[in-house]
Each structure stands twice: as structure tokens, then as C-alpha cells.
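Note that this is a predicted model, so its numbers are computed, not measured. All chains are named by letter (A, B, ...) in the order of the sequence lines, taking the proteins before the strands, and each is independently numbered beginning at 1.
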There are 2 protein chains.
Amino acid sequence: MPANHPPAEQVQPRGSVMRDVARLAGVSHQTVSRVLNDHPSVRDETRARVLSAMQQLNYRRNLAARTLATRRSGTLGIIGFETTLFGPASMLYGIEEAARAAGYFVSIATVQRPDRKSVLDAADRLIQQSVEGIIAIAPKPAVTSALLQVPATLACVGVGGGTDDDGVAAVRIDNAAGARLATQHLLDLGHATVHHIAGPADWPEAQERIEGWRSTLYAARAVVPPVAPQSWSAKSGYEQGQVLAKDPSVTAIFCANDHLALGLLRALHEAGRSVPQEVSVVGFDDMPESGYFLPPLTTVRQNFTELGRRSLGMLLEQIELASGVRSTEHVLLNPELIVRTSSAAP
Amino acid sequence: MPANHPPAEQVQPRGSVMRDVARLAGVSHQTVSRVLNDHPSVRDETRARVLSAMQQLNYRRNLAARTLATRRSGTLGIIGFETTLFGPASMLYGIEEAARAAGYFVSIATVQRPDRKSVLDAADRLIQQSVEGIIAIAPKPAVTSALLQVPATLACVGVGGGTDDDGVAAVRIDNAAGARLATQHLLDLGHATVHHIAGPADWPEAQERIEGWRSTLYAARAVVPPVAPQSWSAKSGYEQGQVLAKDPSVTAIFCANDHLALGLLRALHEAGRSVPQEVSVVGFDDMPESGYFLPPLTTVRQNFTELGRRSLGMLLEQIELASGVRSTEHVLLNPELIVRTSSAAP
DNA sequence: GAAACCGTTGTTATCGATCACACCTTACCG
DNA sequence: CGGTAAGGTGTGATCGATAACAACGGTTTC
């Protein structure tokens with residue numbers, strides 16, 4: 001049920017509307033509308049008169065009226081999760097930028113938890129605004145599966161790790177490939193095996209990175225050390241790092257993200273184990289700061305902005321195709337290994 | 001001039017509208033509207049019938065129509081700058097959360113550069129959407145001064161460092177106070193003076209931090225070392241750090257933000273100067289990672305989320321007061337010193 | 001010379017809500 | 001018992017745009 005606002009006595013001051021422009025230009029409002037919509041059959045001289053009138057009156061077309069008449073709002077919705085983090089924030093940025101370029105407006109709805117109810121709630125708010133499509137930042141499958149519940153004629157795209165669900169179009173990076181890149185890099189340097197500090201067990205992205213890491217070790221016939229998934233935080237990296245630091249056989253560690261790596265670096269430092277001389281470390285994400293860690297972090301770069309742009313591209317495709325059937329296309333982007341100084345031969 | 005979208009043949013499927021609900025409930029559309037708007041004079045039994053009809057039809061009120069009729073959109077606009085950074089991203093989050101709680105929708109428009117033209121452009125896009133108010137993330141004065149150009153009846157609030165301008169309501173943190181906190185902390189530890197790695201010279205926030213730092217040194221009759229403002233980046237901190245590291249008289253350094261501090265820490269480490277034994281370092285911002293730097297960074301915390309919430313509060317006040325005159329209230333939030341291990345007695 | 005057509009323009013209905021006002025009960029009062 | 005007030009409900013106009021169609025002068029076509 002939509003909220004009702006407290007009354008604001010003063011309404012927005014009535015700016016100029018199409019009638020005013022029409023009167024000033026000496027034409028009908030419909031002609032003004034034609035100029036506005038680039039209709040071909042308007043005489044150049046008439047068009048010029050109208051345009052000048054619009055300029056004089058500082059006319060701005062009323063989107064609400066247009067939406068009502070056309071049943072198209074020119075607005076896209078984003079369902080965001082943990083948007084204070086660098087990754088989601090960058091996706092958001094990429095989406096907005098691309099949307100603006102395509103002439104769309106962007107409305108956002110954040111969710112506290114990536115569960116079905118919150119997502120449906122957010123989607124509802126967006127639908128009320130007549131958005132023409134929704135992009136959901138979807139770290140967990142619950143998000144995309146919730147998207148299946150929204151009216152099937154509404155274009156939807158999921159972006160992020162939790163987009164396994166086949167019913168919804170999605171863009172994601174290839175987490176397993178990224179993990180393979182990192183692991184193989186360390187093996188190639190000559191490490192006997194690679195330890196892994198994983199992300200939380202219930203996150204698909206964390207699972208996929210474990211998968212990629214594990215399969216690479218298998219292929220190389222290397223020992224597969226145990227993992228103890230906890231969270232994505234530097235704290236967790238620090239704590240697990242303290243344990244690993246005690247084990248002299250550990251020479252290479254791949255972290256599921258850069259925050260974990262940061263915590264790990266601190267733990268190794270405190271334990272007196274130098275990086276990369278004694279232990280090599282590789283992260284995942286490539287945050288802006290990662291190049292300035294001590295030592296600068298070798299990591300797997302996700303191009304979040306590109307992720308955002310691509311998802312917007314897919315959404316527009318769906319909208320403009322308007323087949324009515326929802327696309328279920330999945331796009332997998334390849335991450336890139338950024339080698340810095342935290343990794344070296346043993 | 002608004003962009004026109006390529007035609008999407010298929011329009012949104014017509015969901016149920018007020019007429020449908022009215023028919024099913026056996027009342028007039030006006031009565032449905034009354035129920036929707038909590039009008040007192042509806043018999044309980046009628047209200048119940050209407051509500052049940054709405055539920056059966058999964059009715060959702062059309063915001064565009066409502067906006068057209070009431071001239072109120074229930075939407076607020078945000079003009080964002082560098083929203084991928086932790087600070088702006090957190091403000092955005094705080095705003096959205098508070099807006100949702102207050103029953104408002106949020107639409108966003110980002111700008112590439114914080115200059116007059118870009119801001120007016122963004123404001124224009126928001127005005128087209130009939131937003132009832134605008135919050136601008138305003139790192140530079142050009143932003144708020146641009147806000148003065150938007151119709152005076154539209155509520156506006158600036159948030160951030162560039163909000164000196166007296167014509168616009170604003171929320172900001174007290175940068176000078178933060179700098180004093182940091183500088184005094186270092187002096188209190190027993191350092192003879194404090195060096196400063198500043199932010200870029202054309203940013204008010206950087207200037208205010210310089211001011212706070214300098215005035216504290218004056219008051220303590222300490223030597224005021226020169227500053228060489230460059231950028232906000234870790235790279236800049238690294239480069240300036242390399243210079244400072246060579247000077248054995250330098251024992252305490254206050255950085256204008258945590259990124260600079262990160263770069264500095266690396267430079268000090270590479271120069272073999274230990275922190276905090278030989279050199280103390282204090283940052284500004286308190287990013288989530290700062291507690292895991294090597295060593296954990298003493299820093300000045302800005303509560304960005306709170307900044308966002310407060311700015312939204314002020315905006316709502318303006319909207320709901322609707323005095324027509326724009327508020328010019330300024331709110332200054334106090335930052336907080338977070339002491340970790342990067343600072344110690346010389 | 002009538003019919004068909006074109007480019008250009010105006011007229012009227014429409015989108016889905018709210019608002020102002022009219023209408024009908026019922027109740028209460030003098 | 002009639003008049004007024006108040007509660008509950010319906011009717012029609014309205015917000016500002018677009019859509020559909022009609023109208024008009026001037027060709028072109030048969």
C-alpha cells in the first residue's frame with residue numbers, strides 16, 4: 001500500500017505548458033507536440049517558431065502527462081544491494097551513465113537484505129513508478145528468483161553472482177575463470193599448492209571462486225587445502241590469516257576478495273612473514289586502493305562499471321524488442337589478472 | 001531537450017485501474033480514491049469492500065496519473081558526483097533509506113564534473129520528472145551556486161564541502177574541527193609539529209582541513225611546515241610521502257584523507273621508517289578498510305550515512321513547510337577521532 | 001473534371017488519477 | 001414538523017501530454 005504524504009499546501013508553481021507555447025507560436029498544441037516528438041510533417045518555419053516559443057517560455061515537457069498518455073515512462077529502475085561497497089556502487093554508476101546516454105531516467109530502490117520479500121517490495125515501488133525495466137543487483141539467487149514474480153511483460157536483468165536462475169536475463173563475471181587465473185598464476189610461479197581464504201558459503205560468487213581454485217589445483221595434481229568460509233570482511237581475512245601464518249608450509253594464498261587480502265596482509269605482517277618473499281598473496285576485485293596495499297596487491301580485476309553498462313544494454317534490448325517474452329540470455333564477462341608485487345616465486 | 005526513445009511497439013499491459021476496482025466493489029471511482037487517500041468519510045463496510053476488491057485485482061495506483069492530478073510526484077532527486085567513492089555512495093545510501101521510510105521515491109542523476117553546466121543539466125532532468133526536491137552532493141561551490149538557478153520554489157539541499165553559498169540550505173561536516181582533532185591529537189602525543197599532506201587546492205574541504213591544521217599549530221606555537229596540495233589519490237600520498245620520508249625531522253603527518261594516508265604508509269614503509277615508532281600518521285574519512293591498514297590507521301571519522309539522512313530531513317522540512325521561500329539553514333556535523341595504532345608518542 | 005493523394009495543420013478523445021461540487025440520506029434541533 | 005447540519009456517495013471537470021482522425025489547399029492521376 002503506497003504511503004501518503006503529509007499535505008504540502010503549496011503546489012509546484014505552474015510553469016509553462018504546451019498550451020502556452022502553442023498560443024505564443026500561434027499554432028495548436030498538437031503541432032507543439034509534433035515538434036517535440038520530431039514528427040516529420042511540420043514545416044521548417046513552423047518548427048522554428050515553436051522552438052523559439054519553447055525557449056522563450058523555458059518550456060519543459062511534463063513527464064507525468066507524457067507517461068500517462070504513452071504508457072511509457074522513460075524511466076528504468078534499479079534494485080540495489082550494499083550500494084556503499086565499491087562494486088555495487090560502480091555498477092550503479094555504469095548503469096546510470098549508460099541510461100542517461102540512452103535518454104532514460106533512473107530510479108533506485110535499495111534493499112537491506114537480498115531476500116525474496118525485500119526484493120518484491122522494492123520491485124513494487126519501482127512498478128508504481130511505471131518503470132519500463134528493472135536491473136537488480138543480485139548477489140544471491142533469491143533476488144533473481146523473486147524477479148520471476150514480477151509481471152512477465154516487464155523487462156528484467158540481473159547483474160552479479162546470484163544469477164544462476166534461468167528465467168531471467170543476466171550479466172555476471174566469470175568467477176571461476178577469475179579464480180583459475182589467480183590460482184594458475186601462483187602455481188606458475190612455482191608454488192607447490194595454493195591456499196584459499198573463501199567468501200561466505202551461501203554466496204554463489206564465493207562458491208564459484210572456490211570451484212575455480214579447486215579445479216585448477218586438481219588439474220595440476222596439487223594438494224587441495226581445506227577452506228573455512230566466513231565473511232567478506234578484512235576482519236575475517238585477518239583472523240584466518242593468523243592461522244595460516246603459523247603454518248610454514250603455506251607459501252601462496254588466494255583470497256576471495258581484496259578486503260580479505262587486506263586483513264591477511266596485516267596478519268602475515270604481524271606474524272613476521274614477509275610478502276612476497278615468504279608468502280605470495282592474490283586478491284579478487286581490484287579496488288582503487290589495492291595498488292597501494294603493502295605490498296601492492298596482485299589481484300583479479302572485475303570491471304564493475306562495464307558490468308553495469310552491459311546490463312543496461314541488455315535491458316534496453318529487451319525493452320526495445322518488446323517481444324513480450326522475457327529474454328533469458330546470460331552474458332559472462334571475463335575478469336583480468338592484475339599482477340603487482342604481492343606475488344612472486346617461492 | 002528531452003531525448004525521444006525509439007518506439008517500443010508493445011505498451012505496458014493494462015493492469016487494473018480504479019474503475020475496475022470500483023466496479024468490482026460496486027461503488028464509484030471516487031470512493032475508491034477516498035479509500036486510497038484515507039479520507040475519513042467512508043463507511044467501514046464500504047472501505048472493506050473496496051480494499052478487498054483492490055486485493056483481488058492486485059490493484060496498484062498509477063503514480064503518473066496521481067502526479068498529474070495532484071502536481072506532487074512523491075519523488076525526490078539526487079544529483080550525485082563520484083558516486084563510486086565510499087563517501088558519496090554512503091550519502092546516497094543514507095538518503096535513499098530515509099526517503100523510503102518517509103514514503104518518497106528517489107531518482108538519481110549523476111554528473112561527471114561538479115561544474116555549473118553539468119549540475120543544471122542534471123537538475124533539468126530531475127525537474128522534468130517533477131521531483132519535489134533536490135539533494136545535491138556538492139564538493140565544490142559551483143554546485144550549490146548552480147542550485148540557485150533552479151526555480152526558487154523547488155526545495156534544495158546541498159550536502160558536502162562545497163556548500164559555502166548562503167543561498168542554499170546545506171549539511172556538511174566540520175572539516176576544520178576534524179583537522180583540529182587530528183592535529184591536536186598528534187601534538188598531545190608530544191610531537192613538536194605536524195606535517196600535512198593536503199587535498200587538491202581548489203576543493204573547499206581540503207582548504208578547511210588545511211585551515212584547521214594550521215590554526216592548531218599556530219595556537220600551539222609550533223612550526224607550520226609547507227603544504228603541496230595535489231590530489232586526493234593514494235598515488236599523490238605515495239609521492240609526497242617519498243619526499244617527507246627522507247626528512248628525519250618529520251615525526252607526525254596528518255593526511256587530508258585515508259587514500260593519501262594509504263599511499264603515505266607505503267612510502268614510509270619502503271623508506272624503512274616504521275609507523276608509529278618513527279613516524280605517526282593520521283588520516284581523514286575512516287573508510288571501512290582503514291582499520292586494517294598496516295598499521296591500522298588513526299583517522300577522523302565522517303559519518304556519511306548520517307550526512308545523507310540529515311540532508312534528507314532538511315529537504316522534507318522544506319517541502320512540508322512549503323513556505324515558498326527557500327531555507328538557507330546550514331547544519332554542521334562534528335566528526336570523531338578514531339584512534340588506532342598508526343599514531344603514538346615520538 | 002472528379003478522385004486520390006500529399007504535406008500540413010487543427011479538433012476531440014484519451015490516459016488514470018484527484019478535486020470541487022452536487023446529491024441523498026439520516027439525525028438533531030427549535 | 002420543517003429546516004439545517006453532517007456523513008456518505010456519485011458526477012463531471014481537470015491535470016498536460018499523445019493518439020486518432022478530420023480538414024484543408026494544392027498537386028497529381030485517370
Trainee: Do B:M54 and B:V50 come within less than 4.5 Å of each other through their side chains, counting heavy atoms only?
Mentor: yes

Trainee: For the side chain of B:S28, starting at C-beta, report the closest nucleotide among C:dG10, C:dA17, D:dG10.
Mentor: D:dG10

Trainee: Considering only heavy atoms from C-beta outward, does the side chain of A:L36 approach that of A:Y59 to under 4.5 Å?
Mentor: yes

Trainee: Judged by atom type as modelled, is there a donor-acceptor pair below 3.5 Å linking the side chain of B:R172 to the main-chain atoms of B:G161?
Mentor: yes

Trainee: Let me know the distance between CZ of B:R60 and P of C:dC15, rounded to the nearest Å.
Mentor: 20 Å

Trainee: Within a strict 4.5 Å, meaning less than it, do heavy atoms of the B:V17 and B:D20 side chains meet?
Mentor: yes

Trainee: Looking across every strand, which nucleic acid part, if any, lies under 4.0 Å from B:R47 by heavy atom: base, sugar-phosphate, or nothing?
Mentor: nothing

Trainee: May I ask you to decide if B:Q128's main-chain N or O and A:R60's side chain share a donor-acceptor pair within less than 3.5 Å?
Mentor: no

Trainee: Identify, between B:A65 and B:V42, the residue whose nearest nucleotide on DNA chain D lies closer to the 5' end.
Mentor: B:V42

Trainee: If I compare all heavy atoms of B:G74 with all of B:E132, which pair ends up nearest, and what's the gap?
Mentor: N-OE2, 2.5 Å

Trainee: Grab the N/O contacts between the protein and nucleotides 4-7 of chain D below 3.5 Å, and write none if there aren't any.
Mentor:
none

Trainee: Starting at atom CG of A:L36, determine the distance to atom P of D:dG16, rounded to an integer number of angstrom.
Mentor: 15 Å

Trainee: Could you tell me how far apart B:H29 (NE2) and D:dG8 (P) are, to the nearest whole angstrom?
Mentor: 20 Å

Trainee: Find the bend of the helix from C:dG1-D:dC30 to C:dG30-D:dC1 as the angle between its two terminal axes (five pairs each), to the nearest 10°.
Mentor: 60°

Trainee: With nearest nucleotides of DNA chain D determined for B:G26 and A:N62 from heavy-atom distances, which residue corresponds to the more 5′ nucleotide?
Mentor: B:G26

Trainee: Between C:dT18, C:dT9, D:dT18, which nucleotide has the shortest distance from any of its atoms to the side chain of A:R61?
Mentor: D:dT18

Trainee: Heavy atoms only: give me the nearest B:L147-B:I134 pair and the separation to one decimal.
Mentor: CD2-CG2, 4.5 Å

Trainee: In whole angstrom, what separates B:L68's CG from D:dT18's P?
Mentor: 12 Å

Trainee: Using OP1 and OP2 only, check whether a side-chain N or O of B:N37 sits under 4.0 Å from C:dT18.
Mentor: yes

Trainee: Rounding to a whole Å, what distance do you find between B:D38:CG and C:dT18:P?
Mentor: 11 Å

Trainee: Can you tell me if the side-chain N/O atoms of B:T31 get under 4.0 Å from OP1 or OP2 in D:dG10?
Mentor: yes

Trainee: Hey, is the side chain of A:R66 poking within less than 4.0 Å of OP1 or OP2 on D:dT18, counting only N and O atoms?
Mentor: yes

Trainee: Atom CZ of B:R23 to atom P of D:dG10: distance rounded to whole Å?
Mentor: 14 Å

Trainee: Identify the two heavy atoms, one from B:V171 and one from B:S311, that lie closest to each other, and give their separation to 0.1 Å.
Mentor: CG2-CA, 3.7 Å

Trainee: Report yes if a donor N or O on one partner sits less than 3.5 Å from an acceptor N or O on the other, where the partners are the side chain of A:R71 and the base of C:dG16; otherwise report no.
Mentor: no

Trainee: If I take atom NE2 in residue A:H39 and atom P in nucleotide C:dT9, what distance separates them, rounded to the nearest angstrom?
Mentor: 11 Å

Trainee: Mind running side chain to side chain donor-acceptor pair (under 3.5 Å) on B:E97 and A:Q112 for me, showing each step along the way?
Mentor: CA-CA 9 Å; B:E97 190 182 44; A:Q112 308 277 8; 3.1 Å; yes

Trainee: Record whether the side chain of A:R34 comes under 3.5 Å of the base of C:dT8 through a donor-acceptor pair of N or O atoms.
Mentor: no

Trainee: Select one nucleotide: of C:dG16, C:dT9, D:dT18, the one nearest the side-chain heavy atoms of A:Q30.
Mentor: D:dT18

Trainee: Please tell me if B:S33 has a side-chain N or O lying less than 4.0 Å from either OP1 or OP2 of C:dT18.
Mentor: yes

Trainee: Taking only the side-chain nitrogens and oxygens of B:R19, find out if one of them lies under 4.0 Å from OP1 or OP2 of C:dA17.
Mentor: no

Trainee: Whole Å only: how far is the CZ atom of A:R72 from the C1' atom of D:dA17?
Mentor: 15 Å

Trainee: Below 4.0 angstrom from OP1 or OP2 of C:dT9, is there any side-chain N or O of A:T46?
Mentor: yes

Trainee: Checking A:R100 now: which residues fulfil side chain to side chain donor-acceptor pair (under 3.5 Å) with it, not counting sequence neighbours?
Mentor: A:E96, B:T110

Trainee: Is there a donor-acceptor pair closer than 3.5 Å between any side-chain N or O of A:Q318 and the backbone N or O of A:C156?
Mentor: yes

